[in-house]
Amino acid sequence: MPELPEVEVVRAGLAPAVTGARIVAVDARDPRALTRHAGTPADFETRLTGRRIRATARRGKFLWLPLESERPGIPASLGGAPSSPEAIMVHLGMSGQMLLRTPDAPAERHERVRFAIEHPEHGELAVVFADQRTFGSLAIDPLVDTPDAAPGGSGDDAPLVPAQAAHIARDPLDPAFDDTRFRSRMSATASAVKRVLLDQTVVSGIGNIYADEALWAARVHPETPGRALSRRRVDRLLAEVRSVLVKALAEGGTSFDAQYVNVNGQAGYFAHSLSAYGRHGQPCPRCGRVLVRVAFANRSSHFCPRCQRVG
DNA sequence: CCCCGGTCCTGCGAGC
DNA sequence: TGCTCGCAGGACCGGG
C-alpha cells in the first residue's frame, strides 16, 4: 500500500525533524522488523547509538536515512577515521509506519523499533517504526556509488544508494530516470504490462493501486503483453504513471484504513480520487461501463472492460 | 535466461 | 450473535 507518493510523504515529513539530529538511544524490541539487517538487534542498537543523521532519501518505495560518516566523538578534523558511508534503510512493506512522537509517548499498537533522537533546534523526539503485518523492515546498509553518478534518490544530492536498493530502478519522478531504458524493457518482454509496471527493476515506486490507475488513465488493458504496445502507447502510459503519482502526492497519498498515515498519524486524501482501483461494480468514470476486478499475480486488477482492451 | 507463482504476516469484514 | 475463512500485497526466491 505505501507506494511512491505515500513513502515520499513520510520522507518529507521526517526530513525537518531528523536531518542533523543525533540518535541518543535505540530500542529494537521486535527482531522481525530487522529481518534485512545483517546483524543482531543488539548490533543494530549499538552501531546506531550516538550517530548523526545527515539527510533523508527515497527511491521508489525505499527510504533511507544517510548517516554522518564521522564516528561518534571523533570528528574527522581531529583525526578520527571516517567510517565508510552507511544509512538506516527503511522499507514500509505493506503496513509500516514511521511516526514522530514526543519522547515520553506511549508505545504504538504495533511498535517494533523506537529511536530517541535529539535535534539541535527541535530538541528531543521519538521516531517510531510501527508495522502491523511485519512485511516492513529496517537495516543498517552500506551506501554504494550510483553507476550514473546522479543522486541516489529524492531528498539527498549525494550519488549514493543503499546496497539493498542498488538493483532497484530509479522511479519515474526522478530527473535521472531513463525513459529509453524503460521503453526498451517494455518492448522486449512478453509479460503483461501490469507485471512490468510492478517490476521494481524496470521502474520503481509503483504498486497495485497506481498501476491500475495509470493503466485506466492510459486505456491499456493490464494483461496486454509489453511488446504488443506501440511506442506511442508506452509513452502515454509512462506519462499517465507520472501524472497519477504527482496527483496522489499532492493529496498526501492514498489511505483506505489506518495502515497508511503520514509521520503525524494522519491519512491522505487520494482514495477519493481513485478512478479504477477498488471500484469494481461501479461505473467507469469515463464511459459508464461497470468496472471489473480479476485475479492477477496473487492480487487483483481493476479495470474497465470497454475502455481498456488487450492489443 | 526468462517468466510465473508461491510465500511471508496480521487484522478485518463478509458470510454462514 | 459468534465464528471461520478469505483477502489485502511488496519483495524475494525457486521451479519450470
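Values below: all heavy atoms of this structure, side chains included; hydrogens, waters and symmetry mates excluded. Below, chain A is the first sequence line, B the second, and so on; all start at residue 1.
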| field | Axis-to-axis angle between the two ends of the helix from B:dC2-C:dG16 to B:dC16-C:dG2 (five base pairs per end, rounded to 10 degrees) | value | 60°
| Qualifying residues under side-chain contact (heavy atoms from CB on, under 4.5 Å), relative to A:Leu245, sequence neighbours excluded | A:Leu4, A:Pro5, A:Pro172, A:Leu173, A:Tyr210, A:Val241
| message | Could you tell me the boundaries of the chain A footprint on DNA chain C, defined by atoms under 4.0 Å from its heavy atoms? | response | C:dA8 to C:dC12
| remark: Quick note, ring-ring contact (aromatic ring centres under 6.0 Å, His included) partners involving residues 165-204 of chain A, not counting sequence neighbours, are none
| query | Taking only residues two or more places apart in sequence or in another chain, which ones pass side-chain contact (heavy atoms from CB on, under 4.5 Å) with A:Ala15? | reply | A:Arg11, A:Thr19, A:Thr56
Under 3.5 Å donor-acceptor pairs involving side-chain atoms of residues 282-291 of chain A, not counting sequence neighbours:
| from | atom 1 | to | atom 2 | distance (Å) |
| --- | --- | --- | --- | --- |
| A:Gln282 | OE1 | A:Arg279 | NH2 | 3.2 |
| A:Arg286 | NH1 | A:Trp216 | O | 3.0 |
| A:Arg286 | NH2 | A:Trp216 | O | 2.9 |

| message | Which residues in residues 178-192 of chain A have a heavy atom closer than 4.0 Å to any atom of DNA chain C? | response | none
| Going 5' to 3' on DNA chain B, which nucleotide is the first and which the last to come under 4.0 Å of a heavy atom in chain A? | B:dC3 to B:dG11
| For residues 239-260 of chain A, which residue pairs qualify under ring-ring contact (aromatic ring centres under 6.0 Å, His included), counting only residues two or more places apart or in two chains? | A:Phe256-A:Tyr277
| note | Contacts satisfying ring-ring contact (aromatic ring centres under 6.0 Å, His included) that involve residues 86-109 of chain A (not counting sequence neighbours) are A:Phe62-A:His91
Return a table of donor-acceptor pairs under 3.5 angstrom between the side chains of residues 293-304 of chain A and protein atoms on other chains or two or more places apart.
| from | atom 1 | to | atom 2 | distance (Å) |
| --- | --- | --- | --- | --- |
| A:Arg299 | NH1 | A:Ala297 | O | 3.1 |
| A:Ser301 | OG | A:Lys194 | NZ | 2.9 |
| A:His302 | ND1 | A:Asp212 | OD2 | 2.8 |

| note | What residues 290-303 of chain A contributes to the DNA chain C interface at heavy-atom separation below 4.0 Å is A:Arg293, A:Asn298, A:Arg299, A:Ser300
